[in-house]
Amino acid sequence: MWEDWGKADKVRKQKRKKRSGDSAELAVLAYEVDKLNNSGHPELADKVERVSLKSDDFGYDIKSYEVNGGEIAEIHIEVKSATLTANYIEFFLSQNELR
């Protein structure tokens with residue numbers, strides 16, 4: 001019985017983490033699209049992509065672009081959401097993300 005409760009609690013925590021991560025990724029995606037549209041680059045805004053939906057193998061979540069002068073650079077953004085737990089902030093960083 002207690003084992004089932006522990007499994008259920010773990011599933012609830014995973015669902016909460018997923019919702020938090022998805023919300024954070026959507027916020028960053030919207031920010032990047034707005035940034036590029038507002039700087040006069042709608043053609044780049046259309047290319048901003050949430051690659052995390054395709055695979056975890058990328059090591060980042062959002063593909064976007066920076067414009068510096070006339071130069072355009074693709075940028076990779078790893079999005080992290082965090083929760084405050086017992087007076088500290090906890091998040092997970094995989095080996096792939098670290099690279």
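In this text the structure is predicted, and so the values were computed from the model without any measurement.
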Does [atom1] in [X] sit with more than 12 non-hydrogen atoms of other residues, nucleotides or ligands closer than 6.0 Å?
X   : atom1 : result
D46 : CG    : yes
N68 : CG    : no
E71 : CD    : no

Consider only side-chain heavy atoms of I, L, V, M, F, W and Y, link residues closer than 4.5 Å, and tell whether [X] and [Y] are in one cluster.
X   : Y   : result
L36 : V79 : yes
I77 : V51 : no
I75 : L29 : yes

Hey, is the main chain of R16 close enough, under 3.5 Å, to the side chain of S20 for a donor-acceptor pair? no

[X] versus [Y]: any side-chain heavy-atom pair under 4.5 Å?
X   : Y   : result
D61 : V28 : no
Y65 : H41 : no
K63 : E32 : no

Out of curiosity, [X] [atom1] to [Y] [atom2], how far, rounded to the nearest 0.5 Å?
X   : Y   : atom1 : atom2 : answer
E49 : S64 : CD    : OG    : 11.0 Å
I62 : Y31 : CD1   : OH    : 13.5 Å
K15 : R19 : NZ    : CZ    : 8.0 Å

Got a sec, which residues hit ring-ring contact (aromatic ring centres under 6.0 Å, His included) with F58, two or more places apart in sequence or on another chain? Y60

Is E78 paired with K80 through a side-chain N to carboxylate O contact shorter than 4.0 Å? yes

Pairs meeting criterion salt bridge (charged side-chain N to carboxylate O under 4.0 Å, His left out) with involvement of residues 20-29, two or more places apart: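 Those involving residues 20-29 are K18-D22, D22-R50, E25-R50.
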
